[in-house]
> 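First the structure, then my questions, so here it is.
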Amino acid sequence: QVQLVESGGGLVQPGGSLRLSCAASTRLFSIYAMGWYRQAPGKQRELVALISRDETTNYADAVKGRFTISRDNAVKTVYLQMNSLKFEDTAVYYCNAGDLVSTIGTRPLAAWGQGTQVTVSS
């Protein structure tokens with residue numbers, strides 16, 4: 001079973017930056033698609049960014065041009081660089097894995113963890 005641990009969240013002012021990390025336990029990390037999701041209070045979890053095994057990326061419209069997803073297969077970690085943060089980016093951020101980018105949300109390979117809290121506040 002895939003295990004994932006998110007880290008890197010915190011409190012940041014609008015316009016600031018954070019880098020989230022998601023460390024995976026599986027030796028098969030390099031063949032999995034990875035994704036970042038977020039859930040704001042009172043809202044459903046939503047997709048933020050995806051990266052395929054060949055490092056093709058996709059982003060939600062709300063974060064395009066501000067967030068960058070990347071992966072380092074050598075250390076089995078996926079990152080989310082978040083720049084120009086806005087109040088509306090406040091949420092718990094989660095990562096997960098899938099056989100394909102299209103299945104991460106519907107058939108995730110790991111249990112959803114506790115995530116990492118990102119709070120954008122002045």
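The figures here come from the full heavy-atom set of this structure, side chains too, leaving out hydrogens, waters and symmetry mates. Along the sequence shown, the residues carry numbers beginning at 1.
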> Below 4.5 Å, heavy atoms only, C-beta onward: do Arg38 and Glu46 meet side chain to side chain?
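Arg38 reaches Glu46 side chain to side chain.
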> Are Val12 and Trp36 connected in a single hydrophobic cluster, I mean Ile/Leu/Val/Met/Phe/Trp/Tyr linked by side-chain heavy atoms less than 4.5 Å apart?
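Same cluster: Trp36 reaches Val12 through Ile, Leu, Val, Met, Phe, Trp or Tyr contacts under 4.5 Å.
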> Mind listing the closest non-hydrogen atom pair of Arg53 and Ser30 along with its distance?
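Answer, listing the atom of Arg53 first, then Ser30: CB-O, 3.6 Å.
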> Consider only side-chain heavy atoms of I, L, V, M, F, W and Y, link residues closer than 4.5 Å, and tell whether Ile51 and Ile31 are in one cluster.
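In one cluster with Ile51: Ile31, yes.
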> Please indicate whether Glu55 has more than 12 foreign heavy atoms, meaning atoms of other residues, nucleotides or ligands, lying under 6.0 Å from its CD.
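For Glu55, atom CD is crowded (more than 12 foreign heavy atoms under 6.0 Å).
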> Is it true that Val48 and Tyr32 fall in one hydrophobic cluster, defined by side-chain heavy atoms closer than 4.5 Å?
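Yes, Val48 connects to Tyr32 through the hydrophobic network.
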> Would you call Tyr94 and Glu6 a side-chain contact if the rule is heavy atoms closer than 4.5 Å?
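Counting from C-beta outward, Tyr94 and Glu6 do come under 4.5 Å.
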> Cation-pi check, Arg71 to Tyr79: give yes when NZ or CZ is under 6.0 Å from the six-membered ring centre and within 45° of the ring axis, no otherwise.
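That pair does not qualify as a cation-pi contact.
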> Are any non-hydrogen side-chain atoms of Met82 and Val63 less than 4.5 angstrom apart?
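No, every pair of side-chain atoms sits at 4.5 Å or beyond.
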> Please name the pair of heavy atoms, one in Lys76 and one in Thr26, separated by the smallest distance, quoted to 0.1 Å.
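That closest heavy-atom pairing would be CD-O, 3.0 Å.
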> Counting only N and O atoms by type, is there a donor-acceptor contact under 3.5 Å from the side chain of Thr103 to the main-chain atoms of Arg107?
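Judged by distance alone, no pair lies under 3.5 Å.
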> Considering only heavy atoms from C-beta outward, does the side chain of Leu80 approach that of Thr68 to under 4.5 Å?
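Heavy-atom side-chain distance check fails, nothing below 4.5 Å.
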> Any side-chain to backbone donor/acceptor pair from Thr116 onto Tyr93? Under 3.5 Å, distance only.
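Pair absent, no side-chain N/O of Thr116 close to backbone of Tyr93.
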> Can you give me the closest heavy-atom contact between Ser17 and Asn83, atom names plus distance?
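Answer, listing the atom of Ser17 first, then Asn83: OG-OD1, 2.9 Å.
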> So if you build clusters from Ile, Leu, Val, Met, Phe, Trp, Tyr with side-chain heavy-atom gaps below 4.5 Å, do Tyr59 and Val101 land together?
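As far as the 4.5 Å side-chain criterion goes, Val101 and Tyr59 are not connected within one cluster.
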> Side-chain heavy atoms under 4.5 angstrom apart, residues restricted to Ile, Leu, Val, Met, Phe, Trp, Tyr: same cluster for Leu18 and Phe67?
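Yes; Phe67 is reachable from Leu18 via cluster members.
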> What's the shortest heavy-atom distance between Phe29 and Val78, and which atoms?
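Closest approach of Phe29 to Val78, heavy atoms only: CZ-N, 4.0 Å.
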> Rounded to the nearest 0.5 Å, how far does OG of Ser25 lie from CD of Gln1?
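Spacing of CD (Gln1) from OG (Ser25) equals 8.0 Å.
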> Less than 4.0 angstrom from a charged side-chain N to a carboxylate O is my criterion; do Lys86 and Asp89 meet it?
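Looking at Lys86 and Asp89, the cut-off is not met.
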> Looking at every heavy atom in both Thr77 and Ser21, which two are closest together, and how far apart are they?
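In this case the closest contact between Thr77 and Ser21 is CG2-CB, 4.2 Å.
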> Which heavy-atom pair separates Ile69 from Thr57 by the least distance, and what is that distance?
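Residues Ile69 and Thr57, closest heavy atoms: CG2-CG2, 3.6 Å.
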> Does CD belonging to Glu88 count more than 12 external heavy atoms closer than 6.0 Å?
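Check passes, neighbour count above 12.
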> Can you label the angle between the Tyr37 ring and the Trp112 ring as parallel, tilted or perpendicular, going by 30° and 60°?
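Ring orientation of Tyr37 relative to Trp112: perpendicular.
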> Can you confirm whether Leu4 sits close enough to Val2 that some side-chain heavy atom of one is under 4.5 Å from a side-chain heavy atom of the other?
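Leu4 vs Val2: side chains touch.
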> Closer than 3.5 angstrom, by distance alone: can the side chain of Asn58 be matched with the main-chain N or O of Leu50 as a donor-acceptor pair?
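Side chain of Asn58 to backbone of Leu50, a donor-acceptor pair under 3.5 Å: no, none is there.
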> Nearest 0.5 Å, please: how far is OG in Ser121 from CD in Gln13?
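That separation rounds to 8.5 Å.
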> Would you indicate whether Gln117, at its atom CD, is surrounded by more than 12 heavy atoms from other residues, nucleotides or ligands within a distance under 6.0 Å?
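Enclosed: over 12 neighbouring heavy atoms sit under 6.0 Å from CD of Gln117.
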